Visitor: 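I'd like to ask some things about the structure below.
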Amino acid sequence: MLRIDLHTHSSCSDGTDAPAELLAAGADAGLDVLGLTDHDTCEGWVEAQAAVKDTGVALVRGVEMSCSAEGITVHLLGLLPDPTSSRLVATLEKSRVSRKTRAKAMVERLEEDFPITWEDVRSHAPENGPVGRPHIADALVKAGSFADRAAAFRGALHPSGPYYVHHWAPDPVEAVEILLEAGGVPVLAHPKARARQRLLPDETIAAMAEAGLFGIERDHRDHTVEDRRAVEELARQLGLALFGSSDYHGFGKPNRLGENLTSPEVLNEVEARGSIEVVRP
Ligand code: AMP
Ligand code: FE
Ligand code: FE
Ligand code: ZN
């Protein structure tokens, strides 16, 4: 049985392993296929591709697009898209620019109560990459204000707290269209991860399916047994393929590579639909 984990992050977004280290960690975890899906960037692809031969781990190149449905954050995986597609490039760029403005605005608020500066946050974020709350969390941890990223997320970085600021992100239905236009395969990430914030209504997921959404994550550590059952039922109704993944972030989160997997049949279908190839050793 092939071990396929299609949703992971590198230090090009908010993971802690460089892309080559991520592939090596994939080999250590016994993975056959790994998907690199950094938030709002394809920056890590080249380094990851170069590590395929040495590690023997096949690479699915992807991205996790930040989306916003009337204030509700939605994460949409795009597997095997053409990275030169102009609408995709422009959308990812716009998200990254807005993320930077937003992170600066959050730091301005946080500075009043915590000993951190924009320079501290910037030093934890990838150069020209997407800046997110994980990097602000790193600065808060370094300053001694919180024990780890998770504590910072429960505290100062919580969406209902006074320091939170929204950023621009495309509507999820539009993001499905953008990914399809790029020949990518759209997959809704962790739709029932309720600890994060308000959940996306099933009607919006149905609208995404109508627009051409291919799959949905069922097996994810932020989903309870009941959540998984609900996703399975929704997928059956809407004709969506089921995915499972680790959503690994290195030591930034407890998620371990290969803790949830996607089936070879679903990967075959992804490869048949994608506009670029799976990079094989
Ligand atoms: P942002 O997109 O900047 O609002 O930040 C959300 C990101 O933070 C997500 O992509 C997660 O990977 C990460 N995240 C959310 N909760 C936690 C947590 N408890 N610990 C570490 N990272 C988290
Ligand atoms: Fe993340
Ligand atoms: Fe996500
Ligand atoms: Zn993710």
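Values below: all heavy atoms of this structure, side chains included; hydrogens, waters and symmetry mates excluded. We count ligands from 1, going down the list as the structure has it; atoms in each ligand are counted the same way. Quick caveat: nothing in here was measured; it's all calculated off a predicted structure.
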Visitor: For the Zn ion (ligand 4), give me the closest N/O/S atom belonging to H9, just the atom name.
Guide: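 Restricting H9 to its N, O and S atoms, the minimum distance to the Zn ion (ligand 4) goes to NE2.
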Visitor: At their closest point, which heavy atom of K192 faces which heavy atom of D202, and how far apart are they?
Guide: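 Closest approach of K192 to D202, heavy atoms only: NZ-OD1, 3.0 Å.
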Visitor: When you measure from the centre of the six-membered ring of Y164, is the NZ or CZ of R102 under 6.0 Å away and within 45° of the axis?
Guide: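 So R102 does make the cation-pi contact.
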Visitor: Can you list the ligand 1 atoms lying under 4.0 Å from a non-hydrogen atom of G252?
Guide: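 Matching atoms, with element in brackets: 21 (C).
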Visitor: In plain terms, say whether R280 and E271 are close enough for a salt bridge, that is, a side-chain N and a carboxylate O under 4.0 Å apart.
Guide: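 Yes.
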Visitor: Does a sphere of radius 6.0 Å around CD in Q237 hold more than 12 heavy atoms from other residues, nucleotides or ligands, not counting ones at 6.0 Å or beyond?
Guide: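 Atom CD in Q237 is crowded, with more than 12 foreign heavy atoms closer than 6.0 Å.
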Visitor: Rounded to 10°, how many degrees is the angle OE2/E64-the Fe ion (ligand 3)-ND1/H75?
Guide: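 Between OE2 of E64 and ND1 of H75, at the Fe ion (ligand 3), the angle is about 90°.
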Visitor: Distance check below 2.8 Å: does H39 bring an N, O or S atom to the Zn ion (ligand 4)?
Guide: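 Under 2.8 Å: H39 has no N, O or S contact with the Zn ion (ligand 4).
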Visitor: What pair of heavy atoms forms the shortest contact from P83 to I276, and how long is it?
Guide: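 Heavy-atom minimum between the residues: CD-CG2, 4.5 Å.
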Visitor: Picking from D38, T37, T16, what satisfies side-chain hydrogen bond (donor to acceptor under 3.5 Å, both in side chains) with S10?
Guide: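 Result for side-chain hydrogen bond (donor to acceptor under 3.5 Å, both in side chains) with S10: D38.
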Visitor: Of all the N, O or S atoms in H190, which has the shortest distance to the Fe ion (ligand 3)?
Guide: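 Looking at H190, the N, O or S atom with the least distance to the Fe ion (ligand 3) is NE2.
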Visitor: Counting heavy atoms only, name the option from G132, P159, S13, P134 that's nearest to atom 7 (C) of ligand 1.
Guide: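 Considering heavy atoms of G132, P159, S13, P134, the nearest to atom 7 (C) of ligand 1 sits in P134.
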Visitor: Contact between ligand 1 and S66 is defined here as a heavy atom of the residue under 4.0 Å from a ligand atom; is it met?
Guide: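 No, S66 has no heavy atoms under 4.0 Å from ligand 1.
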Visitor: Please give the atom name: the N, O or S atom of D247 nearest to the Zn ion (ligand 4).
Guide: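 D247's closest N, O or S atom to the Zn ion (ligand 4) is named OD1.
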Visitor: For atom 9 (C) of ligand 1, state which one of H75, R154, R102 supplies the nearest heavy atom.
Guide: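 It is H75 whose heavy atom sits nearest to atom 9 (C) of ligand 1.
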Visitor: Using distance alone, with no hydrogens and no angle criterion, decide if T84 and D82 have a side-chain donor and acceptor under 3.5 Å apart.
Guide: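 Distance-only check passes for T84 and D82.
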Visitor: Show me which atoms of ligand 1 lie under 4.0 Å from any heavy atom of H249.
Guide: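 Taking each heavy atom of H249 in turn, ligand 1 has 12 (O) under 4.0 Å.
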Visitor: So, is H39 polar-close to ligand 1, with some N/O to N/O distance under 3.5 Å?
Guide: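 Yes: some nitrogen or oxygen of H39 is under 3.5 Å from one in ligand 1.
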Visitor: Which bit of K253 gets closer than 4.0 Å to ligand 1, counting heavy atoms only: side chain, backbone, both or neither?
Guide: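 Answer for K253: side chain.
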Visitor: Has H39 got an N/O/S atom less than 2.8 Å from the Fe ion (ligand 3)?
Guide: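 No.
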Visitor: Anything under 30° is parallel, anything over 60° is perpendicular, the rest tilted; go ahead and classify H249 against H9.
Guide: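 Rings of H249 and H9: parallel, as their planes differ by under 30°.
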Visitor: Roughly, to 10 degrees, what angle do H7 atom NE2 and E64 atom OE1 form around the Zn ion (ligand 4)?
Guide: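 Result: 90°, to 10°.
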Visitor: Mind checking whether F243 and F214 have parallel, tilted or perpendicular rings, split at 30° and 60°?
Guide: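 F243 and F214: perpendicular rings.
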Visitor: Charged N to carboxylate O under 4.0 angstrom, E259 versus R256?
Guide: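 Salt bridge: no.
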Visitor: Under 4.0 Å from ligand 1, counting heavy atoms only, is it the side chain of D14, its backbone, both or neither?
Guide: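 Looking at D14 and ligand 1, just side chain atoms fall under 4.0 Å.
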Visitor: Is it the case that ligand 1 has an N or O less than 3.5 angstrom from some N or O of H167?
Guide: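 The answer is no, given that H167 and ligand 1 share no N or O pair closer than 3.5 Å.
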